[in-house]
Amino acid sequence: MSNPTIAIVGSGPIGSTYARVLLEQVPNARVVMFEAGPQLTDVPGESVRNIPDPAEKARAREMSQGPQAGAYRESLGIPAGTVTEGMFTARQGTHLLDFGGAGSAHALSFPAAAAATNVGGQGAHWTCATPSPAFSEKLPFIADDEWDGLIEDAKQLLHVHSAAFADSKVGEAIRSLLDEEFGAELPDGYGVGTLPVAGDPQPDGSVRWAGADVVLGPLIDKDNPLSKQFELRYLTLVRRVELDGQRVTGVTVQDLRTGEASFVAADIVVVAADAFRSPQLLWASGVRPQALGHYLTEHPVVISTVALDAEKMGRFATDEDLKVELARRALNSADPVAAVNRIPFSEPEHPFSVQVMYTETTPFPMEPGTPYSENRWGYVNMGYGLRKHPRFEDAVTFDENEPDYRGFPNMTIDYALTEREETEIAQATERLRRAGKALGVFVAEPRLMPNGSSLHYQGTLRMGATDDGTSVADPWSKVWGYENLVVGGNALIPTATAMNPTLMSVAIAVRGARKVAEELGS
Ligand code: FAD
């Protein structure tokens, strides 16, 4: 096909993967990416964690908070009144789906469900943990050889480093203590280690965190010819994917600054607008496979904060090591994370993905004078991520008789943990207690976070090997029955996983984009 046009809905890491891979493989294509939210940084899609000025960082986060963006929302002329109510608040940079105002979603059983609305999507706010899926987390219908190659390509796109902060002696001491406690129970190759993260280590020991910017790469480099083929339209909401029978003809978009709607013709449409808004857009467009919105999974998360014990740490690190660490930290006070360790998922020994973030301060304020409010060795925030086993009844459904705050068919989320998850949650809590004792003293006891807290929403556009009604997309991410409609994101993951999902979703997107490129080429 000569000079095909590809429309991409959503500017997060997955939409960006499609843009990059497609333009590198089909350089005569034109890619138009639509993003409902604003651009936060001069470099499109950059992680807000790289913004050194705290006020600027706070502003960028607020700008991403869609209906809950306060002053920014008002500056766009959207009336006030849509405020966050109740006991749940969203993580900075994100907004709750069930925010309690007019047009809010209904998510009583999944109350912490949240999204980010900005260039770069959630990828401008993420923690950048990028472990690879293993054992039954992987897709059963992609052969290991191919899968390993896709994961390597995804790592390159996201600038993944497996040994960030590896030279931190404090980080190493934490690993040694955890290894003493758990090492003998873990299989070879799946023991305590550093957590791979997406970002580029800097000469001063800090990390420049990766966002959609690094995935877009040459597409946002004005000196690169590919940038001429790429257009990012932010504050532009895709209202509908337009169809002619089983073929997509383009998208109807609305400029949120002027309110004006227009049709943009496209040869291929890629919907990568997150695990709730992608199925919502498909449903609103009349694309309604049986599995759409169903089989919702996430990661139940058990977390705690521990003050590191001087005596325990002193067995593996010296006072001098701590001084070096603190001096390095002082160079980059804007970023509290100093070392990231993990215990990966393994089967059957350890069906959890454990993240151990070493920080100088607790993530919550502590009254001066309370025990451990000052702790020279610092703290770790530890989280056990667990599996949720897919069930049809865990779902987001849509109601065209009740418009949401954007005028889309409103969402209701139904979700429940079963005995299977409850058993693993109890096991994870017990292990978290052991980990805490091995490292120091709890300043926040282990607790299960409310449903939706993981921000890793999966399954609502799940992939499958055959079109048997239990999946939305084929193994190349194309919606069953539609020749030029492609979907992307964590929503495609059909398996029960414990690991952070973005690397896996980028790998799936690389495969999907290559298939589209191959078909455009022929
Ligand atoms: P998103 O990044 O959500 O982007 C979707 C975009 O689509 C949004 O910008 C949205 O505004 C836009 N959009 C929606 N509807 C429309 C429409 N109709 N028209 C136009 N645009 C639309 N994952 C990990 O793997 N590791 C981590 O450590 C990790 N930590 C996280 C920490 C935080 C605080 C957050 C918020 C997320 C974290 N995640 C993590 C999740 C990770 O960010 C997501 O997996 C990733 O961003 C998903 O990419 P995506 O492109 O599919 O969707």
Side-chain angles (χ1 to χ4, degrees), residues 7-19 32-40 44-45 47-49 61 64-66 90-95 112 114-133 154 158 160 195-199 209-212 215 232-241 251-254 256 270-282 284-285 298-299 301 337 340 342 353 355 357 383 385 406-408 453-458 461 487-493 497 499-506 508-509:
I8 297 180
V9 189
S11 66
I14 305 307
S16 301
T17 298
Y18 271 95
V32 191
M33 176 181 274
F34 299 97
E35 170 53 55
Q39 185 166 318
L40 308 175
S47 168
V48 305
R49 293 170 69 189
R61 285 175 167 158
S64 315
Q65 290 169 193
R91 292 265 285 279
Q92 287 181 2
T94 69
H95 50 100
T117 303
N118 53 273
V119 171
Q122 289 192 27
H125 308 283
W126 69 322
T127 315
C128 298
T130 41
S132 304
L158 285 169
V160 170
L195 177 72
V197 290
W209 300 104
V215 180
L232 167 63
R233 290 198 207 168
Y234 58 87
L235 286 173
T236 304
L237 178 68
V238 175
R239 289 239 155 249
R240 261 183 89 81
V241 175
V251 286
T252 294
V253 304
Q254 184 182 18
L256 293 178
V270 179
V271 178
D274 83 36
F276 293 109
R277 291 179 290 182
S278 290
Q280 184 187 41
L281 178 62
L282 293 192
S285 307
E298 67 148 348
H299 300 139
V301 187
V337 176
V340 279
R342 65 143 173 188
S353 180
Q355 210 163 294
M357 317 288 276
R406 306 187 305 171
F408 282 86
S453 298
S454 71
L455 298 161
H456 303 156
Y457 312 129
Q458 305 168 145
L461 296 169
V487 282
N490 305 332
L492 274 82
I493 298 174
T497 68
M499 89 293 152
N500 319 58
T502 309
L503 182 74
M504 180 171 186
S505 297
V506 169
I508 292 171

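In each ligand, atom 1 is the first atom listed, and ligand 1 is the first ligand listed. The residues of the chain are indexed from 1 along the displayed sequence. Keep in mind it's a predicted model, so treat the numbers as computed, not measured.
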**Student:** What residue and heavy atom of the protein are closest to atom 44 (C) of ligand 1, and at what distance?
**Tutor:**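 Checking every protein heavy atom, the shortest distance to atom 44 (C) of ligand 1 gives Thr502 OG1, 3.5 Å.
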**Student:** I need the nearest protein heavy-atom contact for atom 21 (N) of ligand 1: residue, atom name and distance, please.
**Tutor:**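 Its nearest protein heavy-atom neighbour is Ala36 N, 3.1 Å.
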**Student:** Which of the numbered atoms in ligand 1 are below 4.0 angstrom from a heavy atom of Ala116?
**Tutor:** 8 (C), 9 (O), 10 (C), 11 (O)
**Student:** At the 4.0 Å heavy-atom cut-off, does Val119 count as touching ligand 1?
**Tutor:** no
**Student:** Tell me, please: is Pro13 in heavy-atom contact with ligand 1, that is, under 4.0 Å?
**Tutor:**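 In this structure, Pro13 qualifies as a contact of ligand 1 - some heavy atom is under 4.0 Å.
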**Student:** Please list, in number order, the atoms of ligand 1 under 4.0 Å from a heavy atom of Thr94.
**Tutor:**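 Close to Thr94: 36 (C).
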**Student:** Heavy atoms, side chains only, cut-off 4.5 Å: are Arg91 and His125 in contact?
**Tutor:**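 They are not in side-chain contact.
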**Student:** Any nitrogen or oxygen of Gly37, main chain or side chain, under 3.5 Å from a nitrogen or oxygen of ligand 1?
**Tutor:**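 In this structure, Gly37 places no N or O atom under 3.5 Å from an N or O of ligand 1.
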**Student:** Relative to the heavy atoms of Leu455, which atoms of ligand 1 are at a distance of less than 4.0 Å?
**Tutor:**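 Matching atoms, with element in brackets: 33 (C), 34 (C), 35 (C), 36 (C).
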**Student:** Is any side-chain heavy atom of Thr127 closer than 4.5 Å to a side-chain heavy atom of Arg49?
**Tutor:**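 Yes - at least one pair of side-chain heavy atoms lies under 4.5 Å apart.
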**Student:** Ligand 1 versus Val253, non-hydrogen atoms closer than 4.0 Å: side chain, backbone, both, neither?
**Tutor:**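 Under 4.0 Å from ligand 1, Val253 contributes no heavy atoms.
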**Student:** Run the numbers for me: atoms of ligand 1, each under 4.0 Å from some heavy atom of Ala272, listed by number.
**Tutor:** 5 (C), 7 (O)
**Student:** Run Gln280 and Arg406 through side chain to side chain donor-acceptor pair (under 3.5 Å) and show every step you take.
**Tutor:** CA-CA 11 Å; Gln280 184 187 41; Arg406 306 187 305 171; 3.1 Å; yes
**Student:** Identify the protein heavy atom lying closest to atom 48 (C) of ligand 1, giving its residue, its atom name and the separation to 0.1 Å.
**Tutor:** Asn490 ND2, 4.1 Å
**Student:** For Gln355 and ligand 1, does the shortest N/O to N/O distance drop below 3.5 Å?
**Tutor:**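 By distance alone, the answer is no.
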**Student:** Over 60° means perpendicular and under 30° means parallel, so classify the ring planes of Phe276 and Tyr457, tilted if in between.
**Tutor:** tilted
**Student:** What protein heavy atom sits nearest atom 40 (C) of ligand 1, and how far away is it?
**Tutor:**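 Ranking protein heavy atoms by distance from atom 40 (C) of ligand 1, first comes His456 NE2, 3.5 Å.
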**Student:** Which ligand 1 atoms, with their elements, are less than 4.0 angstrom from a heavy-atom of Glu35?
**Tutor:**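 By the 4.0 Å cutoff, the relevant atoms are 6 (C), 7 (O), 8 (C), 9 (O), 10 (C), 11 (O), 12 (C), 20 (C), 21 (N).
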**Student:** Can you tell if the side chain of Val487 reaches within under 4.5 Å of the side chain of Leu282, non-hydrogen atoms only?
**Tutor:**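 Val487 vs Leu282: side chains touch.
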**Student:** For atom 28 (O) of ligand 1, which protein heavy atom lies nearest, and how many Å away is it?
**Tutor:** Ala129 N, 2.9 Å
**Student:** Using a 4.0 Å cutoff against the non-hydrogen atoms of Arg91, which atoms of ligand 1 qualify?
**Tutor:** 32 (C), 33 (C), 34 (C)
**Student:** Of all the non-hydrogen atoms in the protein, which one sits nearest to atom 16 (C) of ligand 1, and at what distance?
**Tutor:**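 Closest protein heavy atom to atom 16 (C) of ligand 1: Ala273 CB, 3.9 Å.
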**Student:** Below 4.0 angstrom from a heavy atom of Gly12, which ligand 1 atoms are there? Numbered from 1 as shown, please.
**Tutor:**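 Those qualifying, in numeric order: 2 (O), 4 (O), 51 (O).
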**Student:** Could you list which atoms of ligand 1 come closer than 4.0 Å to a heavy atom of Gly489?
**Tutor:** 52 (O)
**Student:** Answer yes or no: is there a side-chain heavy-atom contact under 4.5 Å between Ser64 and Leu40?
**Tutor:**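 Touching, per the 4.5 Å side-chain cut-off.
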**Student:** May I ask you to identify the nearest protein heavy atom to atom 19 (N) of ligand 1, giving residue, atom name and distance to one decimal place in Å?
**Tutor:** Val238 N, 2.9 Å
**Student:** Which protein non-hydrogen atom lies closest to atom 50 (P) of ligand 1, naming both residue and atom, and how far is it?
**Tutor:** Ile14 CG1, 3.6 Å
**Student:** Should the proximity of Arg277 to ligand 1, defined as any heavy atom under 4.0 Å, be assigned to the side chain, the backbone, both, or neither?
**Tutor:**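 Side chain only; the backbone of Arg277 stays clear of ligand 1.
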